[in-house]
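Worksheet: one structure, shown below.
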Amino acid sequence: MRDLRSRKPIGFRQWVVHKDGTLFLLYRKSDFEKMTNRQFSYCKGINGHYEIALSVENFSAVDKAYIESVAAGAESVMEPTTEPWGQRTCYIADPEGNLIEIGSFTK
């Protein structure tokens, strides 16, 4: 990940991920509801219905992103592991319970 940080624009806290020209903005549920002036229903705990998968440059970038994400408040779901098919991957959950995979096939 080139950029993973938390920022507070216009009163809302958001996580910003920018990689290969793609920008992801992740908001807290309460902030998103304020922005849209709507209420939504959410699952409790870690949401296993889907995952957000992020590819990083190499194995060491997987480890670094995992350490930085957990230090920033993400919940560890699976520590970085090299799978039998050659992918280094890990799983975290953000404070809202979204399941996020960070992985690479490049040593």
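- Nearest heavy atoms, Phe105 versus Phe59: C-CE1, 3.9 Å.
- When only modelled atom types and interatomic distance are considered, Tyr42 and Asn47 share no side-chain donor-acceptor pair under 3.5 Å.
- Listed for the Thr81 side chain is a donor-acceptor partner under 3.5 Å among the backbone atoms of Glu79.
- Counting non-hydrogen atoms of other residues, nucleotides and ligands closer than 6.0 Å to CD of Gln39 gives a total of 12 or fewer.
- Considering SG of Cys43 and CG of Asn98, their distance stands at 7.5 Å, rounded to 0.5 Å.
- Ile100 and Tyr50 fall within a single hydrophobic cluster, where Ile, Leu, Val, Met, Phe, Trp and Tyr are joined by side-chain heavy atoms under 4.5 Å apart, directly or via other members.
- Counted by atom type alone, Ser76 and Tyr66 present one or more donor-acceptor pairs between their side chains at under 3.5 Å.
- Counting heavy atoms from C-beta outward, Thr89 and Met78 have side chains that approach closer than 4.5 Å.
- Contact check for Ile92 versus Glu75: no side-chain heavy atoms found under the 4.5 Å cut-off.
- No side-chain heavy atom of Leu99 sits less than 4.5 Å from a side-chain heavy atom of Ile52.
- Of the residues Asn58, Thr82, Val56, the one that meets the side chain to side chain contact (heavy atoms under 4.5 Å, CB included) test with Arg88 is Thr82.
- No side-chain heavy atom of Ile102 sits less than 4.5 Å from a side-chain heavy atom of Tyr91.
- Interatomic distance, Leu54 CG to Ser104 OG, rounded to the nearest 0.5 Å: 12.0 Å.
- Residues Glu101 and Gln87 are in side-chain contact: their nearest non-hydrogen atoms beyond the backbone lie under 4.5 Å apart.
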